Amino acid sequence: MAPAKKIVFKTKHELAVELAKYTANLSSKFCKERGIFTVVLSGGDLISWLWKLLEPPYADSIEWSKWHIFWVDERVCGWDDADSNYKLAYDGFLSKVPIPAENIYAIDKGLGAEGNAELAAERYEECLKEKVNKNIIRTYKSSGFPQFDLQLLGMGPDGHMASLFPGHDQINEKVKWVTFITDSPKPPPKRITFTLPVINCASYNVMAVCDKEQAHSVAAALTHTKDVPAGRLTADVEVVWFLDQAAASKLKGWCSVL
Ligand SMILES: O=C(O)[C@H](O)[C@@H](O)[C@H](O)[C@H](O)COP(=O)(O)O
């Protein structure tokens with residue numbers, strides 16, 4: 001289990017600059033080692049902090065054709081719905097970089113539009129299994145769970161990550177790769193989500209959190225307070241919390257600021 005590193009930035013701008021550097025370094029490492037870079041996105045503010053990757057030197061130097069994009073969680077709705085994490089990522093990031101369309105693995109379009117959370121979760125798990133069989137996704141040691149190269153995650157004010165919410169049973173799932181929720185406390189209510197074992201098998205996990213609304217949960221998560229889902233985040237190689245000063249403001253004894 002990798003220990004959690006924390007980096008506190010004075011501004012969101014500085015956070016985005018470092019996030020781009022971190023992501024580009026891993027892209028270059030994995031593209032060199034395996035010719036593939038598997039990246040998992042979340043929804044929320046995270047996408048707005050990826051802007052630096054769209055600029056020089058990254059826009060032209062990253063081997064975008066080797067990227068494969070997945071979602072750690074998705075709202076069960078159509079791809080063009082304002083709630084869709086796919087739409088958020090497509091409009092803000094994916095439409096601006098030359099990642100081949102066939103390397104972008106969104107929720108099943110029809111099941112999303114129909115609102116069928118259970119089947120959409122099953123279908124997404126099948127999609128991951130197919131990518132494992134094609135050696136696009138690695139598996140974690142002998143566990144058989146998929147192992148993504150990099151996951152870019154966010155956390156809500158209640159400490160949820162992906163769509164694993166405090167007080168809801170999805171966090172306890174140990175077998176499935178993808179599960180679903182139909183009463184999410186954060187709207188919209190229907191979502192699919194990676195399970196905790198899948199999230200924690202990733203090689204590198206970045207948890208990017210800004211603003212004071214999240215400060216209590218950041219402190220709780222980083223002291224592994226029970227019932228804060230994000231406090232259970234780990235990774236195979238490294239987990240790094242990218243925080244702005246407001247989000248880090250309730251952390252005791254943490255004063256190092258980049
Ligand atoms: O679909 C979602 O709602 C997200 O994937 C979710 O898990 C998000 O990452 C956190 O809620 C943080 O969201 P904010 O960055 O907007 O606070």
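Model, not experiment: these values are computed from the prediction. Just the heavy atoms: all of them, side chains too, but no hydrogens, waters or symmetry mates, feed the values below. Remember, it's 1-based here, ligands and their atoms both numbered in the order they're listed. Along the sequence shown, residues are numbered consecutively beginning with 1.
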Ligand 1 atoms nearer than 4.0 angstrom to some heavy atom of Arg191 are 1 (O), 2 (C), 3 (O)

Honestly, for Leu153 the part within reach of ligand 1 (heavy atoms, under 4.0 Å) is neither

Under 4.0 Å from one or more heavy atoms of Gly154, ligand 1 contributes atoms 9 (O), 12 (C)

Ligand 1 atoms nearer than 4.0 angstrom to some heavy atom of Arg75 are 1 (O), 2 (C), 3 (O)

Tested for salt bridge (charged side-chain N to carboxylate O under 4.0 Å, His left out) against Asp149, the lone hit among Lys32, Lys29, Lys66, Arg138 is Arg138

Exercise. Between Lys176 and Glu125, does at least one N-O distance fall below 4.0 Å, as a salt bridge requires?
Worked result: no

Taken in chain and number order and not counting sequence neighbours, the residues that satisfy ring-ring contact (aromatic ring centres under 6.0 Å, His included) with Trp71 are Tyr86

* Same apolar cluster: Phe9 and Met155, side chain cutoff 4.5 Å -> yes

Q.
Could you check, using the six-membered ring where one of them is a Trp, whether Phe242 and Tyr22 have ring centers closer than 6.0 angstrom?
A. yes

Out of curiosity, is Glu74 lining ligand 1, as in a heavy atom under 4.0 Å away? no

Under 4.0 Å from one or more heavy atoms of Asn85, ligand 1 contributes atoms 1 (O), 2 (C), 5 (O)

Note: Asp73, heavy atoms under 4.0 Å from ligand 1, region reported as side chain

Any heavy atom of Met155 under 4.0 Å from ligand 1? The part involved is backbone

Check: Is the shortest N/O to N/O distance between Trp49 and ligand 1 below 3.5 Å?
Finding: no

| request: Measure from NZ or CZ of Lys129 to the centre of the six-membered ring of Trp177, then state whether that distance is under 6.0 Å and the direction lies within 45° of the axis. | output: yes

Assess Ser163 for proximity to ligand 1: is some non-hydrogen atom of it under 4.0 Å away? no

Exercise. Without hydrogens or angle criteria, can the side chains of Arg75 and Asn85 be said to hold a donor-acceptor pair below 3.5 Å?
Worked result: yes

(request) Answer yes or no: is there an ion pair linking Asp45 with Lys12, defined by an N-O contact shorter than 4.0 Å? (result) no

So the atoms of ligand 1 within less than 4.0 Å of a heavy atom of His160 turn out to be 6 (C), 7 (O), 10 (C), 11 (O)

Practice problem: State, without any angle test, whether Asp73 and Ser163 hold a side-chain donor-acceptor pair at a distance under 3.5 Å. | Solution: yes

Of all protein heavy atoms, the one nearest atom 15 (O) of ligand 1 is Asp45 N, 2.9 Å

(message) Check this for me - ligand 1, Gly43, N or O atoms closer than 3.5 angstrom, yes or no?
(response) yes

Quick note on ligand 1: atoms under 4.0 Å from a heavy atom of Ala162 include exactly 6 (C), 7 (O)

For atom 13 (O) of ligand 1, the closest protein heavy atom turns out to be Lys186 NZ, 3.4 Å

Checklist entry - When only distance counts, is Gly44 in polar contact with ligand 1, meaning an N/O pair under 3.5 Å? => result no

Under 4.0 Å from one or more heavy atoms of Gln214, ligand 1 contributes atoms 17 (O)

is_close_aromatic(Phe194, Phe148), centroid dist under 6.0 Å: yes

message = Determine whether the aromatic ring centres of residues Phe70 and Tyr105 are separated by less than 6.0 angstrom.
response = yes

**Within-shell test, Glu213 vs ligand 1, heavy atom, strictly < 4.0 Å** = no

